[in-house]
Amino acid sequence: MNYKIVTDRFEIEKMAEDMFLSDDKQITPIDYADLRILKRYGTFKYAIICDTETSNRAWVDEFIKIVESQLPLDGLRAVLMNIIVGDEGMSLFHEDLYDILEFLISMKCTDNETEDSKSKNCIDCLWSISNRQLFPQGMMQIQLMSIYENTEQDKQENEKYEQMIEEYKKSSFPVLNILTPNDSI
């Protein structure tokens, strides 16, 4: 399994927006409103992108090891995972997906916590599966974007990044500029 780390907030936010704006066919979609809530909940600061093949039966264990060794947990509040496959998702096993989700949600939970404190420390996880026509059959990419507690600097920069994302959407997806907020339908 090959992977790369992304720490540029703008690149991670573009990746999250592309889940909704790309030509990928959503098999298991996420509501755009949920992305907006995540962005108010914290700041995108870290992403792991893994490329593998679904025929690799060890991909779940490999992915978990990469996340365990690479993802900082201090201040982690939520993760957004997009799994992109080169088929209609038929090569994914439900058990594999459940194992990944269980791992992600419980990353910060420990055995010595009470049930009440576990619910406060467990990670919120939104996930989607999409099909990318350009991917060969059996190819898979996992994009794990992590959201961390807002710092004062993050709060000060939020408006700047929101404007950057709006400019990105206008330049990359001009069809979205057909209606403006003042237009009536």
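Throughout, numbering of the chain's residues begins at 1 and tracks the sequence. The analysis underlying the following values was restricted to heavy atoms, covering all of them including side chains, and did not include hydrogens, waters or symmetry mates. On a predicted model such as this, the values are computed, not experimentally measured, just so you know.
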Side-chain ion pair, [X] and [Y], N-O less than 4.0 Å:
X: R132; Y: D23; answer: no
X: E62; Y: K65; answer: no
X: D51; Y: K4; answer: no
X: K14; Y: E17; answer: no

For this session: Measure up the F10 and Y168 rings against each other and bin them: parallel (under 30°), tilted (30 to 60°), perpendicular (over 60°).
Result: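 Judged by the thresholds at 30° and 60°, the geometry between F10 and Y168 is perpendicular.
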Exercise. If only atom types and distance count, is the side chain of E149 paired as donor or acceptor with the main-chain N or O of T43 below 3.5 Å?
Worked result: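 Here the side-chain-to-backbone pair does not exist.
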Exercise. Can you tell me if D18 uses its side chain to pair, donor with acceptor, with the backbone of L21 under 3.5 Å?
Worked result: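 It does not hold such a pair.
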Exercise. If you count the non-hydrogen atoms of other residues, nucleotides and ligands that lie under 6.0 Å from NZ in K160, is the total more than 12?
Worked result: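 More than 12 within 6.0 Å, yes.
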Report the distance from atom [atom1] of [X] to atom [atom2] of [Y], rounding to the nearest 0.5 Å.
X: E53; Y: M140; atom1: CD; atom2: CE; result: 9.5 Å
X: I129; Y: W127; atom1: CD1; atom2: CH2; result: 5.0 Å
X: I83; Y: S128; atom1: CD1; atom2: OG; result: 8.0 Å

Problem set entry | Nearest heavy-atom neighbours spanning D31 and A33 |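 Where D31 meets A33 most closely, the heavy atoms are OD1-N, 2.7 Å.
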Exercise. Given the rule that I, L, V, M, F, W and Y join up when any side-chain heavy atoms are under 4.5 Å apart, are V60 and V85 in one cluster?
Worked result: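 Yes, it is one cluster - the side chains of V60 and V85 are joined through contacts under 4.5 Å.
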Exercise. Taking a hydrophobic cluster as the set of Ile, Leu, Val, Met, Phe, Trp and Tyr residues connected by side-chain heavy atoms closer than 4.5 Å, whether directly or through intermediates, do L71 and L126 fall within one such cluster?
Worked result: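 No, L71 does not connect to L126 through the hydrophobic network.
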For this session: Report yes or no: is the cationic atom of R77 (NZ for Lys, CZ for Arg) closer than 6.0 Å to the six-membered ring centre of Y148, at no more than 45° off its axis?
Result: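 The answer is no, since R77 fails at least one limit relative to Y148.
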Problem set entry | side-chain hydrogen bond (donor to acceptor under 3.5 Å, both in side chains) assessment of D154 paired with Y161 | CA-CA 10 Å; D154 295 331; Y161 280 98; over 6 Å; no
